[in-house]
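Keep in mind it's a predicted model, so treat the numbers as computed, not measured. Hydrogens, waters and symmetry mates play no part in the numbers below; they use all other heavy atoms, side chains included. Numbers here are sequence positions counted from 1. Whatever order the structure lists ligands and atoms in, that order sets their numbers, starting from 1.
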Amino acid sequence: MVKNKTALTFYGGVNEIGGNKILLQDGDTKVFLDFGMSFALKKQFYSPPFLSPKTEKSLQELGILPRIEGIYKFDPKPPDMDAVFISHAHMDHSAYLSFVKREIPVYCGETSKIILQALSEIRRADLEFDVEDLQFQPFRTGKKIRVGSLEIEPVHVDHSVPGAYGFIIHTSNGAVVYTGDFRVHGAKPEMTREFAEKAKKAEPVAIVTEATNMTGASVSSETDVESRLSQIVKQTSGIVLADFAHTDVDRLNSFYRIAKKHGRCLAVSLRQAFLLEALRSDKGFKVPDLNDETMLIFRKSKKTRDKWEKQIMECYGDKVKDAFDVSKQQCKLVLAMSFYDLEELVEIQPEAGSCYVLSASEPFNEEMEIDFERLMNWLGHYGLPQYHAHVSGHIMPLQLKAVLKDIGASQIFPVHTENTELFGKFLRDLKGKIIITQKEKEYRI
Ligand SMILES: [Zn+2]
Ligand SMILES: [Zn+2]
């Protein structure tokens, strides 16, 4: 019997943070591991909202959406892809599902499905984020999924969004491991440990690993960030304005506990409230109950409301506060506030002794870009000192090296990093061969 050919081709995530789109072929079986949007490539040509891509043709023309046959919904050819596996719900791993043919099944964690569907309700229809009619096939950790000649085992990992997975994929030529985005300094390091153990047991021939943090690394943890945030809230006499990613449930839980501890309420945005409602249907993990006495919901001033906003406002009545209400009880609040909510400060008028905490990555995270110059102008105008209390969603270099050494794959493919060469040198004493990944080149396994 002729043995299947197994190969990896990287259509995104090469020399960039995010945009992962990794094709795994095993004989006639083809699956994609993640199908994310590349922020880096997009930024080279576009500046939303006024200069935004209008069609998939523009995205392909500029190399932002790779040219692959038989996968896109705008391609009349029959589907030539067996499945797409999504590691987690961050846009740089999932957004370009928008373009995928609706008959191709999309495997992702139950939680990722909930988050993607909730986000699609919150956002207005968008060329680059549309998950309507996708054939989601949700999985839980440890489940084994057969697709053609492949057997794929998703295993949970810890990351800055709930429901993140790595994959152990049994091919005709041995196991291929994909880490997705992961870390061991988060709220649930045991999940990542379990993934690493299972990956090691599979004796992989190849591992595709994230390597985001090769520069600017730090020694910290989610617990450490919580205690630093707690110190800040304790010492603040006015309002605490907190900017953190609305899908970062671990950070939200930290702010919730801290607010409670210091006799304040945590006011989340309508968006975050909607997302929390959706996530409560997932019994897999704990999120704060919006009915809890510590929780409030902040509504921005807006002329018209979307359906989902009205739904939250009706459901939570008195718990929904506007900028005027907030201005009257500043010392009693931690207010979740993003860059796009700064205009609300005009009504809130933060008192002396208030402060602003940036609890997201700097200057970029997987959901937003922070415009520092303008942020500083706003904070300067209202006399708000800025604290930065954050820990990355990505594993640190020394820990990554230890994990990779332990897993012991024969070939190591770094993705999701701007420092591939540095990574290669840093890990050159490992037994496995480091492959300096190139875009759209086929690598035989
Ligand atoms: Zn990512
Ligand atoms: Zn991520």
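Sorting the N, O or S atoms of D181 by how far they are from the Zn ion (ligand 1) puts OD2 first. As for D92, its N/O/S atom nearest the Zn ion (ligand 1) is the one called OD2. Among heteroatoms of the N, O or S kind in H159, NE2 lies nearest the Zn ion (ligand 2). Considering just the N/O/S atoms of H90, the one nearest the Zn ion (ligand 2) carries the name ND1.
The shortest side-chain heavy-atom distance between V100 and K73 does not fall under the 4.5 Å cut-off. Annotation: side chain of H416 is in contact with side chain of H394 (closest heavy-atom distance under 4.5 Å). Two residues are said to be in side-chain contact when any heavy atoms from C-beta on lie closer than 4.5 Å; E344 and L335 fail this criterion. Counting only heavy atoms from C-beta outward, the side chains of I152 and F139 never approach each other to under 4.5 Å. Side-chain contact between F32 and Y11 is present, with heavy atoms from C-beta onward closer than 4.5 Å.
For the pair R251 and F244, the NZ or CZ position fails the cation-pi test of under 6.0 Å to the six-membered ring centre and within 45 degrees of the ring normal.
Centred on the Zn ion (ligand 1), the angle running from H416 (NE2) to H93 (NE2) is recorded as 100°, rounding to 10°.
Taking 2.8 Å as the threshold, E210 does not count as a candidate ligand of the Zn ion (ligand 1), since none of its N, O or S atoms lies below it. Not a single N, O or S atom of H88, from either the backbone or the side chain, sits less than 2.8 Å from the Zn ion (ligand 1).
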